Asker: 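This structure is in structure tokens; I'll ask about it shortly.
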Amino acid sequence: DRSVEVAEQAVATTGAGPPDARSLSNLGNALLTRYGRTGQMADLNRSVEVAEQAVAATGNSSTDRAGRLSNLGNALGARYERTGQLSDLNRSVELAEQAVTATGADSPDLAVMLTNLGLALGTRFRWTDQLGDLDRSIEVAEQAVAATGANSPNRAAMLTNLGNALGARYERTGQLS
């Protein structure tokens with residue numbers, strides 16, 4: 001609760017001017033975290049709303065844009081998990097695609113952005129049973145592994161995500177390759 005209060009104060013410090021994108025992004029993340037603890041739908045909806053504002057306040061060429069798009073996509077994905085609204089999931093996938101596009105090929109954040117996209121595609125596959133989403137999920141999971149250093153502490157998680165997606169394809173198609 002205190003984290004949300006402080007983030008709200010940071011947003012309010014902009015006075016009559018437009019809210020600072022970073023402060024909005026931090027507030028959206030704090031609300032999403034609190035939603036995860038409390039399950040309060042109002043926090044989740046406000047997280048989406050504030051994340052939308054953060055994206056709108058971030059320039060297209062900003063190095064922070066990819067993260068803000070990803071945060072909004074994550075909030076919409078969480079809302080989909082709660083409500084089952086396919087439009088939220090579809091938008092989450094679109095935003096994850098945009099976040100990957102906005103991330104430089106040499107960025108240390110690329111693997112995370114690819115992972116978020118792969119997970120969103122995997123979720124949509126489970127809802128729609130569209131094999132194209134699962135195939136794309138595997139493709140970006142492979143890219144995430146490739147973008148993760150061999151000694152990275154995140155490599156195991158990236159490999160696990162890839163393995164899960166490959167397992168889902170086997171369950172769906174019965175094919176080993």
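None of these values were measured; they are calculated from a predicted model.
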Asker: Please examine the side chains of Gln143 and Val140, heavy atoms only from C-beta on, and report whether any two atoms are closer than 4.5 Å.
Answerer: yes
Asker: With rounding to the nearest 0.5 angstrom, report the CD to CG distance, Glu94 to Leu76.
Answerer: 10.0 Å
Asker: Is there a side-chain contact between Asp20 and Val11 in this structure, where contact means two heavy atoms from C-beta onward sitting under 4.5 Å apart?
Answerer: no
Asker: Indicate yes or no: does Arg34 engage Glu5 in a salt bridge with an N to O separation below 4.0 Å.
Answerer: no
Asker: Can you name the closest pair of heavy atoms from Thr58 and Ala21 and give their distance?
Answerer: OG1-CB, 3.4 Å
Asker: Looking only at heavy atoms, what is the nearest atom pair of Met113 and Ala99, with distance?
Answerer: SD-CB, 4.0 Å
Asker: To the nearest 0.5 Å, what is the distance between CG (Leu24) and CG (Asn71)?
Answerer: 11.5 Å
Asker: If hydrophobic clusters are built from ILVMFWY residues whose side chains come within less than 4.5 Å, do Val50 and Leu44 share one?
Answerer: no
Asker: Quickly, which of Val93, Leu95, Leu89 forms a side chain to side chain contact (heavy atoms under 4.5 Å, CB included) with Arg91? Name it, please.
Answerer: Leu95
Asker: Are Ile138 and Leu119 linked, directly or through other ILVMFWY residues, by side chains that come within less than 4.5 angstrom of each other?
Answerer: no
Asker: OG of Ser152 to CE of Met158: how many Å apart, nearest 0.5 Å?
Answerer: 7.0 Å
Asker: When you measure from the side chain of Thr173 to the backbone N and O of Arg169, does any donor-acceptor pair fall under 3.5 Å?
Answerer: yes
Asker: Asn116 and Ser70: which non-hydrogen atoms are nearest, and at how many Å?
Answerer: ND2-OG, 2.8 Å
Asker: Indicate the atoms forming the closest heavy-atom contact of Leu117 with Ala96, along with that distance.
Answerer: CA-CB, 3.7 Å
Asker: In terms of hydrophobic clusters joined by side-chain contacts under 4.5 Å, are Met41 and Leu32 together?
Answerer: yes
Asker: Of all the heavy-atom pairs spanning Ala165 and Leu134, show the shortest one and how long it is.
Answerer: O-CD1, 3.7 Å
Asker: Show your working on salt bridge (charged side-chain N to carboxylate O under 4.0 Å, His left out) between Arg22 and Asp64 and close with a plain yes or no.
Answerer: CA-CA 9 Å; Arg22 180 182 315 143; Asp64 295 323; 5.4 Å; no
Asker: I'd like to know whether Arg82 forms a side chain to side chain contact (heavy atoms under 4.5 Å, CB included) with Tyr35, so could you lay out the CA-CA distance, the side-chain angles of the two residues, the decisive distance to 0.1 Å, and finally the verdict.
Answerer: CA-CA 11 Å; Arg82 174 74 181 262; Tyr35 163 75; 3.3 Å; yes
Asker: Show your reasoning for whether side chain to side chain contact (heavy atoms under 4.5 Å, CB included) applies to Val145 and Glu142.
Answerer: CA-CA 5 Å; Val145 169; Glu142 289 171 337; 5.8 Å; no
Asker: Looking at Arg155, I'd like to know if its CZ atom is crowded, meaning that more than 12 non-hydrogen atoms belonging to other residues, nucleotides or ligands lie closer than 6.0 Å.
Answerer: yes
Asker: Do the side-chain N and O atoms of Thr123 and Arg126 include a donor-acceptor pair separated by under 3.5 angstrom?
Answerer: yes
Asker: Between Asp109 and Thr103, is any side-chain donor less than 3.5 angstrom from a side-chain acceptor?
Answerer: no
Asker: Answer yes if Leu159 and Leu110 sit in the same cluster of Ile, Leu, Val, Met, Phe, Trp and Tyr residues linked by side chain heavy atoms under 4.5 Å apart, and no otherwise.
Answerer: no
Asker: Check whether Phe125 and Leu86 end up in the same hydrophobic cluster, where Ile, Leu, Val, Met, Phe, Trp and Tyr are linked by side-chain heavy atoms less than 4.5 Å apart.
Answerer: no
Asker: Indicate the atoms forming the closest heavy-atom contact of Ser25 with Arg68, along with that distance.
Answerer: CB-NE, 3.3 Å
Asker: Can you measure from CD (Glu139) to CG (Leu114) and round to the nearest 0.5 angstrom?
Answerer: 9.5 Å
Asker: Could you give the distance from CG (Leu72) to CD (Gln98), rounded to the nearest 0.5 Å?
Answerer: 9.0 Å
